[in-house]
2 protein chains.
Amino acid sequence: MASDRAPVGRRSTRQRLAVLDALAEVDDFRSAQELHEYLRGKGDAVGLTTVYRTLAALAEADEVDVILREDGESIYRRCSGSHHHHLVCRECGRTVEVAGPTVETWAAAVGREHGFTDIRHTVELIGLCRDCSTPATS
Amino acid sequence: MASDRAPVGRRSTRQRLAVLDALAEVDDFRSAQELHEYLRGKGDAVGLTTVYRTLAALAEADEVDVILREDGESIYRRCSGSHHHHLVCRECGRTVEVAGPTVETWAAAVGREHGFTDIRHTVELIGLCRDCSTPATS
DNA sequence: CCTGTATTGACATTCATTTTCAATAAGACG
DNA sequence: CGTCTTATTGAAAATGAATGTCAATACAGG
Ligand SMILES: [Zn+2]
Ligand SMILES: [Zn+2]
Ligand SMILES: [Zn+2]
Ligand SMILES: [Zn+2]
């Protein structure tokens, strides 16, 4: 069944399944280090190197989203196939996926206007979710 | 004249002027390491630590723009005060500043729609400029 | 000039990510 | 099943950006 899920010369190993499981369980952005730690906690340990390699492969295959945190560390998340952006709460990390036809159009227009082609873009939104923006300390 | 250019307790040193000069000369995004190398080449050497410190201070004071390159390294550029985004050529690095009222509006709307407040955003465009998109090897 | 304090920079340190490479396991074939 | 080929793993070392340390130095005011 999973005919095109396993590119030629790609084997199915305990480690890869473990990383995929972890990504499914914590449906949220996590760094490679964090996932490695999480797996270790579950008793389902996977070498850090392998976590990095697996995530890189998944990102390459567009099976996960990668964004750069402000401190430069990459964080990964299992991701719906189609193109979209993220609205992330800077307090609790809650993430909402957002489709942005508006931005896509804008990006293309701006590029054309300046003679640029093959435009790609990075768009991330950061804010405070409803829960986290309450005045606090009741 | 430059009354508010030098915050209280900030001295004017050869090193700081050198970094500012460098930023003025290469009117383009450069990493701290690259600027350090550039200054060393000009014979106007400045310690790497100082380059980092100076850039951080300038960024803090909104005198330079900072963006995260895809490899996670921070790159800096002398910057016009008002808020804007960048359209960068992935080949030659040519940069165009772009004002994006469209995106600002979209970002605010999306945030509101999901109950988020205090929205900030990251928007960068990457493409090929006219020169670099020619079929090549003429 | 003198002096107090901000600043500098060589060096050490941290920490994410990558590289190395010998040991291991997946999967094909008989 | 065994066997063999090759992808995969992971511990340890290497890389490289960024930050911390701290004694030496230079700015600026008096
Ligand atoms: Zn929140
Ligand atoms: Zn988009
Ligand atoms: Zn903007
Ligand atoms: Zn170009």
Side-chain angles (χ1 to χ4, degrees), chain A residues 1-22 29-61 63-77, chain B residues 1-22 29-61 63-77:
Chain A
M1 289 132 193
S3 51
D4 62 348
R5 279 314 173 105
V8 187
R10 171 143 298 168
R11 295 177 182 172
S12 160
T13 66
R14 176 184 68 76
Q15 290 86 342
R16 281 175 191 164
L17 295 176
V19 171
L20 284 172
D21 272 3
F29 282 100
R30 290 295 149 82
S31 71
Q33 308 268 354
E34 286 162 351
L35 285 169
H36 172 249
E37 192 54 37
Y38 177 73
L39 287 167
R40 153 179 297 287
K42 279 210 322 185
D44 201 1
V46 173
L48 178 57
T49 310
T50 301
V51 174
Y52 272 107
R53 276 191 292 235
T54 304
L55 288 174
L58 288 172
E60 177 68 26
E63 306 249 350
V64 296
D65 256 6
V66 193
I67 63 183
L68 270 179
R69 220 165 36 190
E70 289 197 38
D71 66 354
E73 192 170 350
S74 295
I75 51 183
Y76 305 80
R77 187 197 191 193
Chain B
M1 286 137 191
S3 52
D4 61 347
R5 280 313 172 107
V8 188
R10 171 141 301 169
R11 294 177 182 170
S12 161
T13 66
R14 175 184 69 77
Q15 290 86 341
R16 281 175 191 164
L17 295 177
V19 171
L20 284 173
D21 273 3
F29 281 101
R30 290 294 148 83
S31 71
Q33 308 268 355
E34 287 163 352
L35 285 169
H36 173 249
E37 191 54 37
Y38 177 72
L39 288 168
R40 156 180 295 287
K42 279 209 324 185
D44 201 1
V46 173
L48 179 56
T49 310
T50 301
V51 174
Y52 272 107
R53 275 191 294 236
T54 304
L55 288 174
L58 288 172
E60 177 68 24
E63 306 250 348
V64 296
D65 256 6
V66 193
I67 64 183
L68 271 179
R69 219 164 38 188
E70 288 196 41
D71 66 354
E73 190 169 351
S74 294
I75 50 181
Y76 305 81
R77 187 196 192 195

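Look at B:Arg14 and you'll find a side-chain N or O under 4.0 angstrom from OP1 or OP2 of C:dG9. Contact check, A:Thr49 against D:dT9: no side-chain N or O comes under 4.0 Å of OP1 or OP2. Listed pair B:Thr13 / C:dA6 fails the phosphate criterion, with no side-chain N or O lying under 4.0 Å from OP1 or OP2. One finds no side-chain N or O of B:Gln33 lying less than 4.0 angstrom from the OP1 or OP2 phosphate oxygen of D:dG16.
When distances are taken from the side chain of B:Ser12 to each of D:dG10, D:dA28, C:dG9, the shortest belongs to D:dA28. Minimum atom distance to the side chain of A:Tyr52 is reached by C:dT18, of the listed C:dT18, D:dA28, C:dT8. Among the nucleotides D:dT8, C:dT17, D:dA17, the one closest to any side-chain atom of A:Arg16 is D:dT8.
What separates CG of B:Leu55 from C1' of D:dA17 is a distance of 13 Å, to the nearest Å. If you measure from atom CG of A:Leu58 to atom P of D:dT8, you get 12 Å, rounded to the nearest angstrom. Taking atom OH of residue B:Tyr76 and atom P of nucleotide D:dA17, one finds them 12 Å apart after rounding to whole Å. If you take NE2 of A:His36 and P of D:dA11, they are 7 Å apart, rounded to a whole angstrom. If you measure from atom CZ of A:Arg30 to atom C1' of C:dT17, you get 20 Å, rounded to the nearest angstrom. Distance, B:Leu48 CG to C:dA10 C1': 11 Å, rounded to whole Å. Distance, A:Ile75 CD1 to C:dA16 P: 14 Å, rounded to whole Å. As rounded to whole Å, 15 Å separates atom P of C:dT17 from atom CD of B:Glu70.
Across all strands shown, A:Arg53 has heavy atoms under 4.0 Å from base atoms, whether or not it also approaches the sugar-phosphate. Residue-level contact check: A:Ser74 touches the backbone only, with heavy atoms under 4.0 Å from sugar-phosphate atoms and none from bases. No contact: B:Ser31 has no heavy atom under 4.0 Å from any strand.
The base of C:dT5 is paired with the side chain of B:Arg11 by a donor and an acceptor separated by under 3.5 Å.
No donor-acceptor contact under 3.5 angstrom links the side chains of B:Thr50 and B:Gln15, judged on distance only.
Using a 4.5 Å cut-off on side-chain heavy atoms (C-beta onward), A:Leu58 and A:Tyr76 make no contact.
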Item to check | side chain to side chain contact (heavy atoms under 4.5 Å, CB included) between B:Val46 and B:His36, worked out | outcome: CA-CA 7 Å; B:Val46 173; B:His36 173 249; 5.5 Å; no
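Pairs passing the salt bridge (charged side-chain N to carboxylate O under 4.0 Å, His left out) check and including a residue from residues 42-52 of chain A, sequence neighbours excluded, read A:Arg14-A:Asp44, A:Glu25-A:Lys42.
Nearest-nucleotide assignment on DNA chain D puts the 5′-proximal partner with B:Ala32, out of B:Ala32 and B:Gln15.
Counting heavy atoms of neighbouring residues, nucleotides and ligands inside a 6.0 Å radius, atom CZ of B:Arg40 does not exceed 12 of them.
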